[in-house]
Amino acid sequence: MAEHLQGLLSSSMEKIRDLVDVNAIIGDPITSPDGTIIIPVSKVTFGFVSGGSDIPAKAPKDVFAGGAGAGVTIKPQAFIVVQKDGDVKLLEIGGENSFIDGLITGVPDLINKVKEVFGKIKDKDDEE
């Protein structure tokens with residue numbers, strides 16, 4: 001029975017390896033027309049079950065029954081965004097706090113942009 005079960009497990013794991021590779025987790029980079037590179041990041045989960053047993057038979061032959069099953073889920077989680085100027089950001093998808101997290105991480109950029117605008121206005125007023 002052990003050799004039958006081992007063969008069942010080996011072939012099942014081989015098929016799972018074919019399904020799940022590194023490109024399922026970190027996707028191929030996508031380059032936008034402005035030069036920004038977007039890299040998708042996914043969460044991959046899988047479950048696996050197998051079992052088997054020797055079946056009693058009246059004839060002296062090996063009778064084995066077994067089965068295996070697997071399930072794979074691939075769920076997009078985030079995007080790594082590499083901008084032309086080298087700035088790198090992680091944009092998360094979904095979740096309860098992702099909007100708030102996005103606001104919090106975006107505040108420093110917003111403050112810098114507001115300072116730039118007011119600095120330009122002040123410089124313009126000083127020139128006049």
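Reckoned from all heavy atoms, side chains included, excluding hydrogens, waters and symmetry mates. This chain uses plain numbering: 1 for the first residue, then up along the sequence.
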D28: partners by side-chain contact (heavy atoms from CB on, under 4.5 Å), with sequence neighbours left out: N23
Only pairs under 3.5 Å count here: list side-chain donor-acceptor contacts from residues 33-45, not counting sequence neighbours, and write none if there are none.
from	atom 1	to	atom 2	distance (Å)
D34	OD1	S32	OG	2.4
D34	OD1	T36	N	3.1
D34	OD1	T36	OG1	3.0
D34	OD2	T36	OG1	3.3

Report, one line per pair, each donor and acceptor closer than 3.5 Å where one atom sits in a side chain of residues 72-82; sequence neighbours left out.
none

